[in-house]
Amino acid sequence: MNGLRLVLLVALQALFLGEVAPFGEWSRPQWALWALLMLPPQLGPFTKLLAGFGMGLGLDIALGSYGHHMVAGTVLGGALPTIHSLFSPRDGYEVTNKPTVRDLGTRWVIGVTLSAALLYHLALVLVDTWHAHLLGAAIWPALTSAVWTTFCCLLMHLLVIPPGRKNSSL
Amino acid sequence: MRNLWLLLQRNAFFLAFAGLLVLSLMVLVQNDGSARSSWFRATGGVAALVEDQQQQWANYLRLAEQNSDLAAQNAELREQLLSMRTSSEWQTDPDLGWKVKKGWLVKAPDGQPRSMALGTPGANGDIRIQSGVLAFGSAFGSVVDLGQEHVRILPLLNTAGTWSCRLGQNGAVAPLTWDGRDPNRFSLNDVPRYAQFQAGDTVFTSGYDLKFPEGISVGTVIEEGPASGSEFKTVYVAPLLDLTSVRHIEFIRNISDSERTVLAQPLPAP
């Protein structure tokens, strides 16, 4: 299910959703992150790492951006276990916990999504820009895009898994 | 081996992360021109840094060898210097028709208007009065007085001397003098007004005073001075070397010196 979700989101982003940028480069969303963030936090770190790498690989193949999303996805996949442990409840995650507002709360979802989006967008802008002297100008659009991605992910949460619903269709 | 395996197992996630990151970066660098140029620049800088450090270490390790080489060179130079000082033979240049003998100054001119220089060897070294004296291939003065071991030299840096010089290789001939004021400013007097020259031109000996062969460099033109009369002008000349700090000199003498001296004497009045 998680794999299917990842493939679907990568395809959707590449085909349609990537263009949903009302403020141009200042709001470039990464919809596929939502699929990665929907991985249960109890999963092992290797799975998360491979999922991040796979998501980046898929995006690169779909968007023709060789290596950029792979790097950012690997960074995020590698950091995801740490992000999950930073935002973990006091008693840890329960086996049945899903990364939804209903199970882990709005604060958790926003915190994890925003952290992941920031990390992903920063890694992406780093490999997109490469040169230190261009980084200063590129970092602000990356930050606002991270906020926009967070907003988009929350929208997906609300659309696909409303707080009151137990199971999602995706 | 077991410990290594345990270490790898303990850091398996980090290793997997690093491996995937390296793989991603390789794909990126291979396909993105900007990333590739940045990568090459960064690695080039690091490589240069490493090479520079390596060179420094290599130089440091070769220090003893270099010291030994320098010591050998130093010994060789000292030996040359010693042989130069003890050389007492005239060496003949048949092409020029002049003989040369090495010597050195005991006292250099001190920049005072009437200051003389003292050199060695003297009469025992077969030095004669009116022999020309060179320093570093440039005119320095002429022998005016002889002792057994030493000679008195009238240097260019003396107001009593007058030296026949030529502006350039084929220019006008005029006498060079020093007015006793600025050691870096000589005067070429009575230069014909038609003489063509410019600042930086070399002034050579003309050879007419019989002390030097023609074409020995003396100095370079600084500027044109005030006109001396309507037909002549003065040219200021800077010496080629610091005459007050000369140490090694060469005495020069024409092979037919005696004959030239006799024939150059003015005819007796009838």
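Residue numbering restarts at 1 for every chain, and letters A, B, ... go by the order of the sequence lines.
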With chain A as the partner chain, list the residues of residues 178-187 of chain B whose heavy atoms fall under 4.5 Å from it, by residue number, and write 'none' if nothing qualifies. none
When you compare the side chain of A/D103 with that of A/W108, does any pair of heavy atoms fall below 4.5 Å? no
Side chain A/Q13, main chain A/A32, donor-acceptor under 3.5 Å: yes
Polar side-chain atom of B/D201 near backbone of B/V221 as donor-acceptor pair, under 3.5 Å: no
Solution key, residues 44-55 of chain B side-chain donor-acceptor pairs under 3.5 Å, sequence neighbours excluded:
none

Taking 4.5 Å as the heavy-atom cut-off, does anything in residues 8-23 of chain B contact chain A, and if so which residues? B/A12, B/F13, B/A16, B/F17, B/L20, B/L21, B/L23
Verdict with supporting geometry, A/H69 and A/L63, side chain to side chain contact (heavy atoms under 4.5 Å, CB included): CA-CA 9 Å; A/H69 287 279; A/L63 296 170; 3.6 Å; yes
Does any non-hydrogen side-chain atom of A/D60 lie less than 4.5 Å from one of A/H68? yes
Please examine the side chains of B/I216 and B/L134, heavy atoms only from C-beta on, and report whether any two atoms are closer than 4.5 Å. yes
Does the B/R247 side chain pair with the main chain of B/L105, one donor and one acceptor, at a distance under 3.5 Å? yes
Proximal to chain B - members of residues 44-53 of chain A, heavy-atom separation under 4.5 Å: A/P45, A/F46, A/L49, A/L50, A/F53
Is there a side-chain contact between A/L124 and A/Q30, using heavy atoms and a 4.5 Å cut-off? yes
Using atom types as modelled and distance alone, determine if a side-chain donor or acceptor of A/W26 lies under 3.5 Å from a backbone N or O of A/S145. no
Nearest heavy-atom neighbours spanning A/L39 and A/H84: O-CE1, 4.2 Å
Could you tell me whether the side chain of A/T100 reaches within less than 4.5 Å of the side chain of A/V109, counting heavy atoms only? no
Determine, stepwise, if the pair B/W163 / B/V218 fulfils side chain to side chain contact (heavy atoms under 4.5 Å, CB included). CA-CA 10 Å; B/W163 313 89; B/V218 175; over 6 Å; no
